[in-house]
Structure formats: structure tokens, C-alpha cells
Amino acid sequence: MPNHQATMKNKPRTKNTIKFRFLLMIFFITIPSIGLMYYQAYKDKKSGIDKSIALTKDISYQVEQEQLKVLKSSQLFLKQLSKENFLQTPNTPLCSQNLASIVALNPSYINIGVPLVNGDLVCNALPLNKKVNVADREYIKKAIKNKAFSISKFQIDRATDKVSVNFAYPIFKKGTNEVTALLVTVISLDWWSEELAFYNLPKDSVAFISDVNGIIIASYPKNEGNIGENISLYGINKNIHDFSSNRTESTKNRVYSQTDLYQQDILNPIKFTIGIPVDSIIKKADHAFYQNLAIDIVVVIILSLFAILYLSRDILQPINQLLQAIDDLEDGKVANFKTYSGAKEIILLSKKFKRMATKRLQSEQASISRNQELTSIFTALPDTYIRISETAKILDYKSAGTENLRAIIGKPIEGLFELDVANVFQTNIKKIIDGQEVLPWKYYRHNEDSTNTFEVRIVKIDHSDELIIIIRDISNRERAEKLIWKQANFDSLTSLPNRKMFLETLDKEIIKKTDNQQKLALLFIDLDHFKEVNDTLGHHVGDMLLKEVAQRLSHCIRQSDIVARLGGDEFTIIMNDISSPHVIDDTTQRIIDKISEPILIGENTCYISPSIGIALYPEDFIDAKDLIKAADQAMFSAKKAGRNRYHYYQSIMQESAIKRMTLLTDLRRAVEIGEFKLFYQPIIDMKTGEIKKAEALIRWFHPTQGLIPPDQFIGLAEETGLIFPMGSWVVKEASEKIKLFSSHFGEDFQMSINISPLQFMTSHNNNNEWIKTIEKFAQADAIILEITENLLMNATREIRNKFQLFADKGVAIAIDDFGTGYSSLAYIKEYDVDFLKIDQSFVNSLLPQSDDYILCEAIVVMAHKLGIQVVAEGVEAEEQCELLKLMGCDFAQGYYFSRPCDDEAFINLQKQFSI
């Protein structure tokens with residue numbers, strides 16, 4: 001009972017309930033919509049009436065304009081008609097007949113007549129049954145007096161007995177200004193009623209023509225009954241707004257507009273009044289208003305019902321249940337409150353209540369779960385955890401893979417470790433207890449075959465005197481870090497320091513030498529002919545060779561020196577403690593001697609040599625990058641000087657390197673934009689003295705330096721790969737000229753083209769493309785490819801296949817500079833060689849019975865026996881030419897015949913000389 005009373009006591013009054021406030025809110029929301037509907041209905045009414053007013057004004061204006069049009073047309077009509085000859089004698093029957101015909105053609109006129117100046121009507125379109133005189137009419141007097149067009153006021157026409165407005169115009173005696181008669185037209189006011197029928201007026205519209213006193217003289221719809229009545233009988237003032245034209249006012253359920261007709265031409269103007277109904281407009285607006293009001297009321301009722309249902313189900317019911325659940329909680333009962341899917345606030349309220357009611361149970365369950373989770377984590381982790389007291393006594397112990405550790409509980413922590421490690425533990429534990437920071441530290445445990453590393457952390461438990469010691473075995477991590485460091489800093493093949501470590505070491509040594517004012521030497525070593533070993537014996541043999549070289553280099557240097565492999569076949573040595581230059585020379589020569597010794601790898605014996613460049617710190621450079629560049633340039637100089645030697649850096653090398661780099665840049669541009677040109681040196685048939693062949697020689701015309709000899713850029717082109725596009729250009733350019741030269745020197749003319757060995761030894765050149773280029777411009781047998789002896793000596797299967805491809809297509813092969821190399825007969829026999837070109841070094845010193853003569857003669861005889869023709873190069877004198885003829889040489893070329901020249905000069909050689 002007390003609870004019931006409390007509930008009744010706490011029950012809110014009706015006006016304070018959520019339901020009442022919600023319905024009141026809907027009511028206030030509805031009021032603006034009703035006001036909006038009323039305002040819309042008012043706007044619709046006003047808009048309809050405004051449109052009707054505009055229509056009355058428009059029609060009034062049209063009627064007024066129509067009358068002005070009738071007025072002007074009538075004036076013009078009468079003026080023209082008055083000039084007709086039949087009107088000079090109006091009292092004849094012909095006059096009446098003509099006027100009758102004219103009226104029949106103009107329905108707007110009901111009659112046309114001709115009164116004399118005395119007023120007697122003597123000619124009329126309609127038959128007259130009485131005598132008519134109009135001398136008293138004001139408009140007649142005005143027309144005679146002014147000798148001009150005149151308009152009557154509203155009147156009853158005496159000839160037709162109809163209400164009308166008449167127009168008069170004077171008829172002048174021919175050739176004079178004397179008025180003899182008047183021409184009069186009659187317009188019935190009934191005509192306006194008929195005209196209004198064409199305006200398509202709204203239903204129930206009315207129109208009146210009235211005089212100045214408001215007496216109706218015509219109406220629309222046409223109604224004889226209202227003629228003569230006052231317009232006020234129809235609810236219309238006779239003068240709307242004091243006779244003001246185009247004024248409008250609403251009377252009953254029509255809107256009216258009134259205008260004066262002929263107000264400027266007659267004293268007694270007639271008025272035109274039109275009224276358009278607005279009943280349907282008002283009725284339609286009222287209907288829409290009441291319809292929308294009814295819909296609004298229905299919507300409000302439906303919304304109210306839904307609101308009440310929503311409030312009861314989704315808000316009031318959950319709130320009441322929540323109040324009951326709160327009462328149950330106050331009474332110590334278990335709260336059972338359902339979570340609803342209604343309003344978001346109710347859902348949140350119910351969830352918070354459930355969380356509050358079950359907080360104790362959740363806390364207990366969370367605590368149990370947390371302990372279980374920590375236990376699982378401790379069990380899974382490989383670390384060792386030791387909980388100790390402030391006096392370093394073990395309170396608890398956990399270690400992966402250990403069992404039955406209860407025996408150590410209560411013992412000092414020092415008992416678990418060796419003495420030196422235990423002392424560190426004691427020191428750090430004391431620091432932690434004193435509030436000092438202790439960083440993680442390491443200790444080591446040595447086994448028979450390995451050493452393990454452990455990392456230790458000590459953490460003080462908050463609000464307690466106890467500490468936690470965490471010990472982790474990081475042996476595998478340290479081994480991995482060492483391996484990664486080694487891979488990043490040492491060459492995997494030779495185990496020497498790599499480029500990265502070499503650069504770091506060189507920087508450090510330079511800093512050290514700068515501080516101590518000491519010197520160092522940097523040796524840059526490149527292996528000669530290492531590429532041939534890789535290409536012929538394979539990369540696995542090359543790798544074994546590099547490992548052996550690395551060991552020999554390590555044995556040649558002192559303990560203070562550092563050797564590294566930069567990559568490929570490049571090594572460097574940093575020499576410290578330079579007491580005298582002899583130390584550098586002795587070490588460098590020892591390296592050359594040791595590396596040059598034969599290297600046995602499996603069944604292969606390899607012969608290589610080093611080219612070494614030396615740069616000194618600080619004499620040459622003080623920066624590591626500049627020092628490396630200087631040693632590299634010195635090494636390049638040693639290679640250029642013949643390999644298997646060492647050179648010290650000189651400043652001229654830097655200048656040479658810059659010049660070489662500039663030349664290379666210009667050479668790349670020359671290839672791109674085409675600064676090259678072919679010159680041609682004739683090859684003479686020794687029997688006939690005719691030009692039968694030509695050697696195509698490339699020339700570079702530099703835009704600023706002029707002609708650059710081939711020996712200054714061909715080697716650079718081979719080093720950088722530019723030889724490939726250059727070679728393709730030469731083949732194309734020379735092939736294009738064959739047809740031109742053949743037309744001057746005979747169909748059997750041949751063009752000789754020098755081919756770089758690099759173009760045969762690498763896969764850059766597409767020989768099939770060369771064949772296509774040659775065949776596009778000439779016959780394949782018109783081309784001779786010149787190669788060197790060394791190429792045949794080192795020919796691989798790929799090179800042999802290329803030779804065979806050219807031979808199959810008919811391209812001839814010539815051995816250039818024969819006699820300067822191995823001059824082996826084996827490759828001449830093996831390959832399909834067509835020409836041998838005797839090197840100019842033998843021809844230059846050619847004398848009778850000399851060694852060079854005997855050697856040249858032997859080459860000619862041997863070649864002819866093998867079916868090979870011989871070309872002698874470098875012929876500069878007539879005596880040389882005669883001796884070559886004597887020994888039977890087939891062809892010759894040289895300055896004696898002609899220097900290389902362009903194509904135009906080459907063609908002119910046909911006329912300039914003979915042997």
C-alpha cells in the first residue's frame with residue numbers, strides 16, 4: 001500500500017506528461033500549415049481576379065484600337081472615294097448603284113450617302129422612301145466649314161433609322177476648292193456587339209456601349225431589351241472613376257473596364273464597358289482551400305494516432321518498466337529490464353542500466369579472465385621472470401621449459417648466477433630501490449661450443465617493495481644482426497670488404513690521417529683480360545679466379561693495409577703508415593708479380609695481370625671521392641700504356657679525363673644529329689689500272705673543332721657502345737652509294753666497309769638488319785666487310801655463325817692489317833676469306849730483295865694458292881706500285897693514288913689518273 005501511494009503521489013499531472021506535450025507540439029506545428037493554405041487561397045483568388053482585370057483592359061484597348069483603325073480607314077476610304085467622277089453628279093441613278101455595290105463589299109458600313117451642301121440627301125446606297133435633309137447635323141456643318149473629315153456624335157441615322165456614328169468628307173468640284181456635296185458613311189452601334197463575338201470572351205462576360213448619361217445603346221450578348229436602359233441597372237456606375245479611361249473596379253462578381261470611343265473627335269463621346277465574371281475563380285480557390293484544410297485535419301489526426309502509439313510502445317512503456325526495475329533494485333530484487341529497439345535514447349538508457357546492474361559480476365569475471373590471460377602470456381613467452389623482495393630474495397620464478405622450481409623460492413638472487421654477473425645484479429637492484437634509472441644490460445654464458453647472450457631488465461612494482469626481473473635470451477638475434485652486418489659490409493664471393501665498407505673506411509682513415517698529419521695511398525686495381533676468361537671459360541671459373549686474386553692480394557699487403565672489392569674485377573687497397581715512397585712501389589710491384597703468376601682453376605690455367613692506379617693523400621686530393629677518381633684515372637692510364645703495370649696519378653690525367661668526357665658528350669650528340677660523313681679511298685686493279693673498289697672511311701666534322709681523325713673517337717665509341725649505331729649508319733650510307741659508283745666504275749664495283757670486332761663479339765648488332773639494308777640498296781656481293789686477325793683468333797660459335805650468315809648471302813670477307821697479328825694460316829683455311837690486306841707497315845719500306853719484299857711476295861703467293869686475292873695498303877710511291885705489280889699483287893690503295901675524298905670527288909677520280 002505504501003508503494004502504491006508513493007506511485008500515485010509521484011504520478012505527474014496530465015498537462016506535464018510527455019503525451020500531452022507531444023500532442024500540443026503537433027497542434028502548434030499544424031497552425032502554420034493552415035495559415036499557409038489560407039494565404040495560398042487568397043493568392044489564388046487575387047491572381048485570378050488580376051488576370052481577369054488584365055483581360056478587360058486588354059479587350060478595351062483592342063476595341064479602342066479597332067475603332068481608331070475604323071476611323072482612319074474610313075477617313076482614307078472617304079477621301080479616295082470622294083474623287084470618283086460619278087460623285088460629281090450625285091443626283092443620277094448611277095451614283096446610288098455604285099454606292100450600293102460599295103456597301104455590299106464593306107459590311108462594317110450599313111449605308112453610304114451623298115447630301116448636297118444644303119443638306120438634301122440626293123444619292124444613297126439604300127433605297128429612300130422619304131426625303132432626308134441633314135443640314136442641321138453638327139458634323140455636316142463642320143465638314144463643310146473646315147472642308148475636312150468630320151465625325152458625328154451618337155445619333156439615330158435619318159436614312160436608316162438606326163443608332164449609329166457617321167463619318168463625313170467633302171466632295172470638291174473638279175479642279176477647284178469648292179465643296180459641292182458631302183460623302184457620308186454610317187456605322188451601326190450594333191456592329192460592336194457582333195465584333196465582340198470574335199474575342200472569345202469567358203462565359204457570362206458582358207459588354208455595353210453607352211452614352212455620356214449611361215444610356216445603353218448596344219450590348220453583348222446582343223439584347224434588344226436593354227437598349228435605352230441605364231447601365232446602372234446592371235450594377236455599374238455610368239461613370240467609372242469619373243470617366244477615367246482604362247480604370248477597373250469590381251462590382252458583384254465581375255470586374256469591369258471602361259473606355260471612351262472617339263473622345264478626341266466628338267463632343268458627346270460614347271463609352272465602352274466590358275465585364276468579366278470571377279465567380280469561378282473565387283469558387284475554385286475556396287474549394288482548394290477547404291480541400292487542403294480537410295486533408296490537413298486528416299493528416300493531423302493520423303499523425304496524432306501514430307504519435308500516441310509510438311509514445312506508448314517505444315517511450316512510455318520502456319520508461320514505466322525502467323521505473324519498475326529501479327524500484328526492484330531499491331528493494332534488493334534482481335533487475336530484469338528488456339532492451340528495446342525504439343528511440344536511441346531509450347536504448348542507451350536501457351543499456352546503461354543493464355551495465356550498472358551487472359557491474360559487480362562483470363568486474364569479477366574480468367578479473368578472472370585477466371589473470372588467466374596473464375598466465376597464458378607468461379607461459380607462452382620465452383623470457384624468464386623472477387619476482388624478488390627488497391632484500392633480493394626470490395619470491396616467485398617462471399622460466400620456459402623448467403619445472404620443480406619451488407626449491408629456489410626464498411633464496412638470494414645471487415645464487416642463480418656466476419659471481420661477476422651476480423655482482424652486477426646486486427648493484428643494479430640497489431640503484432632501482434634508490435630510485436635511479438637502470439637501462440637494460442647484457443651478460444654472457446659460455447658453453448663448450450657457443451656463447452649465449454642474455455638481456456636483463458629490472459622493473460619496480462608500483463605501490464610495492466617488490467621487483468620484477470625479466471631475462472631474455474637474445475643470442476639468435478645477435479647472430480642475425482652480425483650476419484646482416486656482414487652481408488651489408490662484406491663481399492659474399494671473396495669475403496673482402498665491399499664498396500660500402502670501403503667508402504666508410506676510407507672516410508675514417510682520411511679523418512684519422514688529417515688529425516695525425518699522416519699520409520695514405522689508395523691503389524685502384526683492375527684485372528686485365530678478365531672478361532675473356534668469363535666469356536670463354538664461364539662465370540663460375542671467373543668467380544673462382546676472383547677468389548684466388550682476393551687471397552693473393554691479402555697476402556701481398558701489410559697488416560695495417562686494407563683490401564676491398566668494389567665489384568666485378570675491380571679491387572682497392574688502402575695503404576697506411578707510408579714511411580717512404582718505396583713502401584708503395586714495393587707493395588705494388590709485389591701485387592703485379594703475384595697476380596701475374598698462372599692461376600690453376602680445375603683443369604684450366606688462367607693468365608691475367610693487374611693494371612694499378614695510385615693516388616696519394618694529401619698530395620693529390622683530400623676528399624675521398626676525388627681520391628678514388630684520381631686512382632681510377634691513373635689505372636686507366638696504366639691500361640692505356642699496355643696493362644700489367646702501375647701509374648701514379650698526375651694532374652694531366654684529370655685534364656685528359658675532362659677532355660675525354662667532353663669528347664664523349666660531343667660524340668653522343670654527333671650520333672644523334674648526324675655530324676658524320678663517309679670518305680672513299682679508291683682501290684686500284686693492278687692489271688688494268690682501273691678503280692674497281694673503294695674503302696668507306698668515316699669522318700667526323702665537329703661544329704667547332706673541324707675534322708676529328710677516326711683514331712681519336714673510334715676507340716671511345718667502342719668503349720661506350722656508340723659504335724653500334726655508327727656501324728649501322730656506315731653500312732646504310734655505303735650501301736646507298738654503290739649504285740651511284742657502279743654507274744661510273746662498272747657493275748662489278750665493290751665497297752669495302754671496316755667492321756669493329758665489338759660489333760661481331762656482342763649481341764648488340766643485328767646482322768639480319770645489316771643484310772636487309774645491303775640488299776635494299778645493292779647486291780650483297782658488292783659489299784666487302786673488313787675484319788682484323790684477332791677477331792678470328794678468338795672467334796666463338798656465335799661469331800662463326802655470323803660469318804657464315806654473311807657468306808651465305810654473298811658478302812665478301814677481307815682480313816685487314818694482315819701480318820701484324822698472328823698471321824695464322826689455320827683460320828684463313830677455316831673461314832671463307834676473300835681478300836687479304838697487307839698492312840702498310842710492310843709496304844712503306846718495300847725495296848727490291850728486302851725482307852719486306854720477300855714477306856709481301858710470300859703472302860701474295862700463299863693467298864693465290866688458297867684462292868684469295870691480295871690488297872696492298874699504304875702505297876705512297878711509284879716504286880712501291882711497280883714492285884707490287886711485279887710480285888703479282890691484285891689490288892692496291894694509298895696516297896699514291898688518292899687520299900680519301902667525298903663521293904663527288906671520288907667520281908671525278910675516274911678522269912684524273914691512271915697507273
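Side-chain contact between M575 and V583 is present, with heavy atoms from C-beta onward closer than 4.5 Å. Proximity of I525 to T572: side-chain heavy atoms (C-beta onward) are nowhere separated by under 4.5 Å. Inter-residue side-chain proximity for L627 and L520 is flagged as met; some heavy-atom pair is nearer than 4.5 Å. Looking at I394 and D396, their side chains never come closer than 4.5 Å, going by heavy atoms from C-beta outward. Contact of the R499 side chain with the R565 side chain is not registered, since no non-hydrogen atoms from C-beta on lie closer than 4.5 Å. Residues I474 and K442 form a side-chain contact, since some pair of their non-hydrogen atoms from C-beta on lies under 4.5 Å apart.
Side chains of Y648 and D585: a donor-acceptor N/O pair is present below 3.5 angstrom, by distance only. With no hydrogens or angles considered, a side-chain donor-acceptor pair links D528 and S609 at under 3.5 Å. Looking at S389 and D465, their side chains never bring a donor and an acceptor atom within 3.5 Å of each other. Side-chain atoms of Y649 and S637 form no donor-acceptor pair, as typed in the model, at a separation below 3.5 Å.
Partners of N423 under the side chain to side chain donor-acceptor pair (under 3.5 Å) rule, at least two apart in sequence or in another chain, do not exist in this structure. With sequence neighbours left out, D620 forms a salt bridge (Lys or Arg N to Asp or Glu O under 4.0 Å) with no residue at all.
Using cut-offs of 30° and 60° on the angle between ring planes, the pair Y443 and F417 is perpendicular.
Taking the ring axis of F454 as reference, the NZ or CZ atom of R472 does not stay both within 45° of it and closer than 6.0 Å to the ring centre.
Crowding of K513 atom NZ: a count of heavy atoms from other residues, nucleotides or ligands under 6.0 Å exceeding 12.
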